[in-house]
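All figures in this text were calculated on a predicted structure; none of them were measured in a lab.
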Amino acid sequence: MSAWLPRSRMQWLGLSIGVFSLLICLALGRASPQQALLSYLFAFLFFTGLSVGSLAVVMVHLLTGGAWGDTLRLPLLAAARVLPLQALLVLPILFGLHELYPWARADALAHDSLLRAQSWYLDPTFFVIRSVVYFALWLSLLVILGRVLADPARIKALPRIAAGGLILYALSSLLAATDWAMSLLPHWHSSTFGMMVATGWMLAAAALAVLRTVSTADPSEPHSARLLPDLGNLLLMFVLAWSYLAFMQYLTIWIADLPAETAWYIPRTLTSWRWLAWFLIVFHFAVPFAVLLSRRAKQRGMWLACIAASLLLANLADALWLVVPNFRASGFALRWTDLFAALGIGALWWSCYLGRWRPARKPAAPQRVTAERFEGAHG
């Protein structure tokens, strides 16, 4: 328990800001509980993605190898170790099911035959059980990886563990995205949605790790400059994967043009929410893609840091875009709860992130044995 207590001023500041912001969000939510829970959900989705995505990126490196993973492992593991906090922060969503999800209300089931047909899955008790299972699975993977990484004798088992862990990550993140975000509109379905969210989580996790690594790197170290292109290529790969999935989902639904499928896109493209969609196209794809194609840009730490920071901001906007528009269908609108929910969860997450940072110990420099010390040691 003492390992989670703040040990620095920055941690205490983050804890204070987080608690204060969430209390304000709670007070504002009395007038409109659903809107406050929507704000809380999109912030929870983003910061949970940072932790779970970091765990997935660590497993990708353990399976594929490469110097980039050794460089990013510290910030990735620090972010993954915040998972217990996110497991605690899921409680307001579980307690607010009936305010947040239409299918959780008895009156909705009574008047909707399609919801009744899905009631075996969209059941409040089953929803809670699944959420608990997701976090139990992710925390188990975190514990197993931590123990194996700390034991050199078991290092050969890491690729097998990582391969199985990535399969579990794909399945659990797909279902978690379906439960927490897609079921907000229970009549809408997409086979690409879960993969898109899971890839976005890994992209955000990689962006945070790159930003942290580049901003704290010592430019005098010769290996730092050599690794920058690899970090840029890693971000480019995730940008392309996320963009492909997002575009294919939109293209498939646009071609089919079925009312049940277009219902999700109508408030996002035919109202002022479309400007947020254009923001995502520009800063979640176009600008990072153009910059990361440049070899010269990938060799400059400042460029990489700016791209990583813009990707983090765009991913936060993407979480808002995934959750909120169907409940503010008249057009783009932000609430004070959006700010305080993101600030509250973010400050708590950052405080724990700093506390879970465990820098690698550098070997002590060998001491020169002088003649006097040699004689003193041997009498």
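Leu38 is not listed as a side-chain neighbour of Arg335, based on a closest heavy-atom distance of 4.5 Å or more.
In the model, Trp336 has no side-chain atom that pairs as donor or acceptor with a side-chain atom of Ser39 under 3.5 Å. A donor atom on one side chain and an acceptor atom on the other are not found under 3.5 Å apart for Tyr101 and Asp179. A donor-acceptor contact closer than 3.5 angstrom is absent between the side chains of Gln86 and Ser51.
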Query raised in the report: So Arg328 and Asp338, salt bridge (Lys or Arg N to Asp or Glu O under 4.0 Å) or not? Walk me through it.
Result: CA-CA 13 Å; Arg328 301 174 191 170; Asp338 297 336; 2.8 Å; yes

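Remark: the backbone N or O of Ala79 is not paired with any side-chain donor or acceptor of Arg356 at under 3.5 angstrom. Checked by atom type and distance alone, the side chain of Trp242 never pairs as donor or acceptor with a backbone atom of Thr199 at under 3.5 Å. Side chain of His98 to backbone of Ala104: a donor-acceptor contact under 3.5 angstrom is found. Checked by atom type and distance alone, the side chain of Trp188 pairs as donor or acceptor with a backbone atom of Glu261 at under 3.5 Å. Side chain of Lys298 to backbone of Gly232: no donor-acceptor contact under 3.5 angstrom is found. A donor-acceptor pair is defined here as one N or O able to donate and one able to accept, closer than 3.5 Å; no such pair exists between the side chain of Arg130 and the backbone of Thr125. In this structure a side-chain-to-backbone donor-acceptor pair under 3.5 Å is present from His61 to Gly66. Formation of a donor-acceptor pair under 3.5 Å by the Ser310 side chain with backbone atoms of Ile307 is found in this model. Between the Ser243 side chain and the Leu240 main chain, no donor and acceptor come within less than 3.5 Å of each other. Not a single donor-acceptor pair under 3.5 Å links the side chain of Arg30 to the backbone N or O of Leu26.
The CG atom of Leu322 sits 5.0 Å away from atom CE of Met196, with the distance rounded to the nearest 0.5 Å. Atom CG of Leu276 and atom CD1 of Ile281 lie 10.0 Å apart (nearest 0.5 Å). The CG atom of Leu211 sits 10.0 Å away from the CG atom of Leu304 when rounded to the nearest 0.5 Å.
Not less than 6.0 angstrom separates the ring centroid of Trp321 from the ring centroid of Trp278. Between Trp349 and Tyr353, the ring centre distance stays below 6.0 Å. Side-chain rings of Phe46 and Trp201 stay apart, their centers remaining 6.0 Å or farther from each other.
Results of the ring pair (Phe, Tyr, Trp, His ring centres under 6.0 Å) test with Phe127 over Tyr134, Trp120, Trp103 single out Trp103 as the only residue that passes. Across Leu251, Leu245, Ile253, a single residue satisfies side chain to side chain contact (heavy atoms under 4.5 Å, CB included) together with Gln249, and that is Ile253.
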